[in-house]
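Predicted model, so just to flag it, every value in this text is computed and none were measured. One-based numbering, in listed order, for ligands and for the atoms of each.
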Amino acid sequence: MNTTVRRYDPLSRALHWLTAIAVTIAFILGPGGFGRLMRQGVDPATRSDIVWHETLGLLVFGLTLLRLLWLALRPAAPVIPMAPWMHRLAQLVHLGLWGLLLAVPVTALLTLGSEGHPLTLLGGLRVDHMPLIADSALARLADWGEVHEFLGDAIMWLAGLHAAASIYHHVVLKDGVLTAMLPARGSRTS
Ligand code: HEM
Ligand code: HEM
């Protein structure tokens, strides 16, 4: 019996791709000129790009917390033989992605809370004030809008590099790294 694990478990795969799609759409909808709109007195709830951006961004946050919990409980992940430096680099990139998946939404909440702008979500949900953030010393520590924008760009660059590396593994090294994260097609190995 072949017990080699070739693929991530189905929940890890589903959460990975859902996150990748949500991050990409949130990035595309990143509200440029947000500060100007707020100064003009525009209610962000009237802007579908902002509402979708914030909803998808919070979805990413929720999915990431769920994934981190699942990481501790899930069955063994596939171990694909590769050069030690490559393995260490992949671990480093994953660590960077996990960090950014948490830091991007957190800095967004710090932006809204410290600048006194409402959080506006799909379904008419809104949070007008975040006193816990507004009153904390953290609020004055940085221009969180700038930090959020920088990290929002950084996650796309790093994810792009990560995607390119997995395509390189598939096309050049043919070592099963990419298929480990893809749906199983007609095979009984999940
Ligand atoms: C993975 C999730 C996210 C990504 C990749 C992301 C990315 C970005 C990017 C690239 C910008 C700059 C857009 C530009 O200047 O053209 C931006 C701005 C912004 N995002 Fe996000 N974001 C995410 C999550 C969130 C969440 C969860 C919220 C709200 C809770 C949020 C609220 C904002 C706000 C208010 C701005 C304008 C900031 C300012 O100009 O001061 N974002 N985001
Ligand atoms: C915003 C987009 C993306 C983010 C944030 C992201 C993030 C991550 C993270 C955190 C992991 C570790 C997962 C775990 O251990 O469960 C991972 C694994 C993986 N991702 Fe992505 N990913 C993105 C897009 C992509 C794309 C577009 C591809 C393919 C073209 C891809 C291919 C893979 C593969 C093959 C693995 C397994 C790698 C290994 O075992 O070393 N990812 N990704």
Side-chain angles (χ1 to χ4, degrees), residues 5-9 11-39 44 47 49-64 66-68 70-71 74 76-80 82 86-115 117-121 126-127 130 133 143-171 175-182:
V5 181
R6 287 167 199 234
R7 286 193 155 80
Y8 282 85
D9 63 278
L11 184 58
S12 292
R13 281 184 265 140
L15 292 173
H16 173 270
W17 291 113
L18 211 56
T19 304
I21 292 167
V23 169
T24 308
I25 302 176
F27 176 78
I28 292 167
L29 296 175
F34 181 79
R36 183 176 39 79
L37 288 172
M38 295 305 102
R39 282 192 295 280
R47 293 282 305 244
D49 57 340
I50 297 177
V51 170
W52 273 97
H53 178 80
E54 295 188 353
T55 306
L56 287 169
L58 281 193
L59 176 70
V60 168
F61 194 36
L63 288 173
T64 303
L66 197 66
R67 285 174 81 187
L68 287 172
W70 182 235
L71 208 61
R74 74 183 183 187
V79 180
I80 294 159
M82 64 180 78
M86 205 180 264
H87 181 64
R88 271 198 297 277
L89 187 62
Q91 280 182 322
L92 207 66
V93 170
H94 287 179
L95 195 69
L97 287 169
W98 284 119
L100 287 167
L101 285 168
L102 294 171
V104 172
V106 167
T107 51
L109 291 173
L110 286 169
T111 305
L112 296 177
S114 62
E115 293 176 4
H117 303 309
L119 168 70
T120 48
L121 303 174
R126 65 187 289 150
V127 178
M130 300 184 207
I133 295 175
D143 180 338
W144 290 111
E146 298 240 318
V147 178
H148 175 69
E149 284 183 30
F150 176 78
L151 297 181
D153 287 341
I155 197 172
M156 285 316 291
W157 280 104
L158 196 59
L161 188 77
H162 158 81
S166 60
I167 291 167
Y168 175 78
H169 275 275
H170 189 66
V171 175
D175 59 4
V177 164
L178 179 59
T179 47
M181 204 37 110
L182 294 178

Side-chain donor or acceptor of [X] paired with backbone N/O of [Y] under 3.5 Å:
| X | Y | value |
| --- | --- | --- |
| E54 | L121 | no |
| W98 | T64 | no |
| R7 | T179 | yes |
| H148 | V104 | yes |
| T111 | W144 | yes |

Nearest 0.5 Å, what's the [atom1]-[atom2] distance between [X] and [Y]?
| X | Y | atom1 | atom2 | value |
| --- | --- | --- | --- | --- |
| L151 | E146 | CG | CD | 11.5 Å |
| D143 | L110 | CG | CG | 11.5 Å |
| L66 | T19 | CG | OG1 | 9.0 Å |

Looking only at heavy atoms of R67, does any of them come nearer than 4.0 Å to an atom of ligand 2? yes
Sub-4.0 Å heavy-atom approach of T19 to ligand 2: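 Judged by the 4.0 Å heavy-atom criterion, T19 does not count as contacting ligand 2.
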Looking only at protein heavy atoms, identify the closest one to [atom] and say how far it is in Å.
| atom | value |
| --- | --- |
| atom 14 (C) of ligand 1 | G32 CA, 3.5 Å |
| atom 39 (C) of ligand 2 | Y8 OH, 3.4 Å |
| atom 35 (C) of ligand 2 | V177 O, 3.2 Å |
| atom 7 (C) of ligand 2 | L97 CD1, 3.6 Å |
| atom 27 (C) of ligand 2 | A163 CB, 3.6 Å |
| atom 30 (C) of ligand 1 | L119 CD1, 3.4 Å |
| atom 5 (C) of ligand 2 | L101 CD2, 3.9 Å |
| atom 37 (C) of ligand 1 | F34 CB, 3.4 Å |

Output the list of atoms in ligand 2 that are nearer than 4.0 Å to some heavy atom of [X], sorted by atom number.
| X | answer |
| --- | --- |
| W17 | 26 (C), 27 (C), 28 (C), 29 (C), 31 (C) |
| V23 | 1 (C) |
| A159 | 1 (C), 2 (C), 3 (C) |

Min side-chain heavy-atom separation [X]-[Y] under 4.5 Å:
| X | Y | result |
| --- | --- | --- |
| T55 | L59 | no |
| L112 | M130 | yes |
| H169 | D175 | yes |
| V23 | L101 | yes |
| M156 | I28 | no |

Just the protein N/O/S atoms under 2.8 Å from atom 21 (Fe) of ligand 1, please, no waters. H53 NE2, H148 NE2
Check [X] against ligand 2 and report side chain, backbone, both or neither, counting heavy atoms closer than 4.0 Å.
| X | value |
| --- | --- |
| L178 | both |
| H162 | side chain |
| S166 | side chain |

Heavy atoms only, cut-off 4.0 Å: how does L112 contact ligand 1, side chain, backbone, both, or neither?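 The part of L112 near ligand 1 is the side chain, not the backbone.
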Between M181 and W17 the two heavy atoms that sit nearest each other are O-NE1, 2.7 Å
Where I50 and L37 come nearest, the two heavy atoms and their spacing: CD1-CD1, 4.2 Å
So is W98 polar-close to ligand 2, meaning N/O to N/O under 3.5 Å? no
Suppose I only count heavy atoms of [X] and a 4.0 Å limit; which atoms of ligand 1 are within that range?
| X | answer |
| --- | --- |
| L58 | 27 (C) |
| G145 | 41 (O) |
| F27 | 10 (C) |
| D153 | 10 (C) |

Below 30° counts as parallel, above 60° as perpendicular, anything between as tilted: where do the rings of H16 and H162 land? tilted
Quick one, I25 with W52, criterion side chain to side chain contact (heavy atoms under 4.5 Å, CB included). Give me CA distance, side-chain angles, the key distance, then yes/no. CA-CA 9 Å; I25 302 176; W52 273 97; 6.0 Å; no
Looking only at non-hydrogen atoms, the one of H16, H94, R74 nearest atom 15 (O) of ligand 2 is R74
